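So the structure is just underneath, and the comments pick up after that.
Bear in mind the structure is a predicted one, so any value in this text is a computation, not a measurement. Per chain, numbering begins at 1; letters A, B, ... match sequence-line order.
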Protein chains: 2
Amino acid sequence: MQTKQNLDYKQQARLLRALANETRLKIIDALSRGEMHVGALAEATGAEQSSVSKHLAVLRAVGVVDDERRGNEVYYRLLTPCVVEFFSCALRVIKERQA
Amino acid sequence: MQTKQNLDYKQQARLLRALANETRLKIIDALSRGEMHVGALAEATGAEQSSVSKHLAVLRAVGVVDDERRGNEVYYRLLTPCVVEFFSCALRVIKERQA
DNA sequence: TCGCTATATGAGAATAATCGCATACTCTCA
DNA sequence: TGAGAGTATGCGATTATTCTCATATAGCGA
């Protein structure tokens with residue numbers, strides 16, 4: 001029998017994989033300061049539009065972001081701000097490693 | 001010029017990639033309850049010894065775990081307990097997504 | 001030293017992630 | 001309806017990740 005625990009590991013890994021990309025981290029960081037549309041995110045991250053669009057799809061698939069079309073543009077926002085807390089831990093780990 | 005920010009994204013992504021694997025999550029979870037040697041981790045995770053050993057190398061490379069040999073066995077322990085905090089957020093994201 | 005146990009490492013195959021380019025889709029406005 | 005802007009998607013090439021099996025290394029006790 002597949003335990004509930006195992007399912008959690010699978011889903012957690014899936015979420016972490018979604019976060020484990022430099023461009024997606026930049027996107028999340030940008031969105032942590034407020035919603036943005038795709039073009040602005042492309043500019044903010046320095047990545048191609050189609051690439052940003054794909055990264056956003058990954059983040060949306062795991063429920064980290066949300067999108068809303070307004071006219072021609074599609075605005076994205078961070079659904080789960082606690083994701084940003086990840087990074088304070090990440091920075092601590094990185095700092096400790098350097099020490 | 002490569003900014004400090006960009007380096008941070010790169011390192012954060014590296015750390016997240018190290019965490020983004022089901023078996024490694026199981027390992028971290030097991031270690032959060034106390035140090036364990038490789039064989040015990042293999043049994044706890046249900047993965048092969050050589051596989052566990054490689055996963056441990058990945059975690060060690062990013063500074064999340066530490067190892068110490070005692071006789072024939074090598075004991076691993078979690079260096080950065082805050083990593084476990086990741087998961088409360090992860091679970092929240094997953095729960096919110098299901099809602 | 002020899003045999004045994006525990007762990008680590010290497011090679012190769014299979015799978016997954018990423019990127020760039022081209023193109024399709026969607027909405028607005030004239 | 002047609003043009004143009006903004007966004008999404010499909011495809012192929014490249015690179016990264018993961019697994020398994022075989023082998024190497026390290027320490028133990030006889």
Side-chain angles (χ1 to χ4, degrees), chain A residues 6 9-31 34-79, chain B residues 6 9-31 34-79:
Chain A
N6 283 337
Y9 290 129
K10 224 185 260 306
Q11 290 194 65
Q12 283 189 24
R14 188 162 161 266
L15 173 59
L16 285 165
R17 266 198 309 276
L19 300 178
N21 173 278
E22 203 179 337
T23 300
R24 290 198 288 272
L25 289 181
K26 289 182 189 172
I27 288 174
I28 289 173
D29 193 42
L31 291 181
E35 63 170 24
M36 292 175 75
H37 61 85
V38 180
L41 285 168
E43 191 174 0
T45 60
E48 293 231 338
Q49 176 271 318
S50 74
S51 180
V52 169
S53 192
K54 279 171 199 167
H55 285 306
L56 286 166
V58 171
L59 293 175
R60 192 178 40 214
V62 294
V64 170
V65 302
D66 200 34
D67 66 312
E68 180 188 352
R69 177 176 281 271
R70 283 187 222 137
N72 257 350
E73 297 166 339
V74 178
Y75 283 81
Y76 281 82
R77 63 177 207 275
L78 213 49
L79 265 190
Chain B
N6 283 337
Y9 290 129
K10 224 185 261 306
Q11 290 194 65
Q12 283 190 23
R14 189 162 161 264
L15 173 59
L16 285 166
R17 266 198 310 276
L19 300 178
N21 173 278
E22 203 179 337
T23 300
R24 290 197 288 272
L25 289 181
K26 289 182 189 173
I27 289 173
I28 289 173
D29 192 42
L31 292 181
E35 64 169 24
M36 291 175 76
H37 61 85
V38 180
L41 285 168
E43 191 174 359
T45 59
E48 294 230 340
Q49 175 270 318
S50 75
S51 180
V52 169
S53 192
K54 277 172 198 166
H55 285 305
L56 286 167
V58 171
L59 293 175
R60 193 178 40 215
V62 294
V64 169
V65 303
D66 200 32
D67 66 311
E68 180 188 351
R69 178 176 281 271
R70 283 187 222 137
N72 255 349
E73 297 167 338
V74 178
Y75 283 82
Y76 280 82
R77 64 178 209 275
L78 213 49
L79 264 190

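- Comparing atom distances between the Val74(A) side chain and each of dT20(D), dA8(D), dT9(D) picks out dA8(D) as nearest.
- No engagement by Tyr75(A) is indicated, since no non-hydrogen atom pair under 4.0 Å with the nucleic acid exists.
- Rounded to whole Å, atom C1' of dT20(D) lies 12 Å from atom NE2 of His55(B).
- Taking atom CZ of Arg17(B) as the reference point, atom C1' of dA17(C) lies 11 Å away to the nearest angstrom.
- Comment: Arg60(A) engages Asp67(A) in a salt bridge, judged by a side-chain N to carboxylate O separation of less than 4.0 angstrom.
- Both Ala20(A) and Gln49(A) sit near DNA chain C, but only Ala20(A) has its closest nucleotide nearer the 5' end.
- Closest approach to the Lys54(A) side chain among dT20(D), dT9(D), dC27(C) is made by dT9(D) (side chain taken as heavy atoms from C-beta onward).
- Rounded to an integer number of Å, the gap from Glu48(B) CD to dT23(D) P is 15 Å.
- Two residues are said to be in side-chain contact when any heavy atoms from C-beta on lie closer than 4.5 Å; Leu19(A) and Leu16(B) meet this criterion.
- Comparing dC19(D), dG10(D), dA8(D) against the side chain of Ser51(B) picks out dC19(D) as the nearest.
- The pair Arg70(A)-Glu68(A) meets the salt-bridge criterion, since a charged nitrogen lies less than 4.0 angstrom from a carboxylate oxygen.
- With dT9(D), dT5(C), dC19(D) as the candidates, the nucleotide lying closest to the side chain of Asn72(B) is dT5(C).
- You'll find the side chain of Arg77(B) stays beyond 4.5 Å of the side chain of Leu31(B), heavy atoms only.
- Between Leu41(B) atom CG and dA8(C) atom P there is a gap of 10 Å when expressed in whole angstrom units.
- The base of dC21(C) is paired with the side chain of Ser50(A) by a donor and an acceptor separated by under 3.5 Å.
- When rounded to the nearest whole Å, the span between CG of Leu59(B) and C1' of dA8(C) equals 15 Å.
- Glu73(A) comes within 4.0 angstrom of sugar-phosphate atoms only, judged by non-hydrogen atoms across all strands, and of no base.
- Atom pair Tyr76(B):OH and dA8(C):C1' shows a separation of 8 Å (rounding to whole Å applied).
- Computed from coordinates, the Asp67(A) CG to dC25(C) C1' distance equals 15 Å when rounded to whole Å.
- Residue whose closest nucleotide on DNA chain D sits further toward the 5' end, between Arg60(A) and Thr23(B): Arg60(A).
- With rounding to the nearest 0.5 angstrom, the NE2 atom of His55(A) is 9.5 Å from the NZ atom of Lys26(A).
- Looking at Tyr9(B) and Gln11(B), their side chains never bring a donor and an acceptor atom within 3.5 Å of each other.
- Within the 4.0 angstrom heavy-atom criterion, no nucleotide atom of any strand lies near Arg70(A).
- Set against dT26(C), dA8(C), dT7(C), the side chain of His37(B) has dT7(C) as its closest nucleotide.
- Residue Asn21(B) places none of its side-chain N or O atoms closer than 4.0 Å to OP1 or OP2 of dT17(D).
- Of the residues near DNA chain C, Arg69(A) and Arg69(B), the one whose nearest nucleotide (by heavy atom distance) lies more toward the 5' end is Arg69(B).
- Residue Val38(B) places its side chain closer to dT7(C) than to any other of dA8(D), dT7(C), dT9(C).
- As a whole-Å value, the separation of Leu56(A) CG from dT9(D) P is 11 Å.
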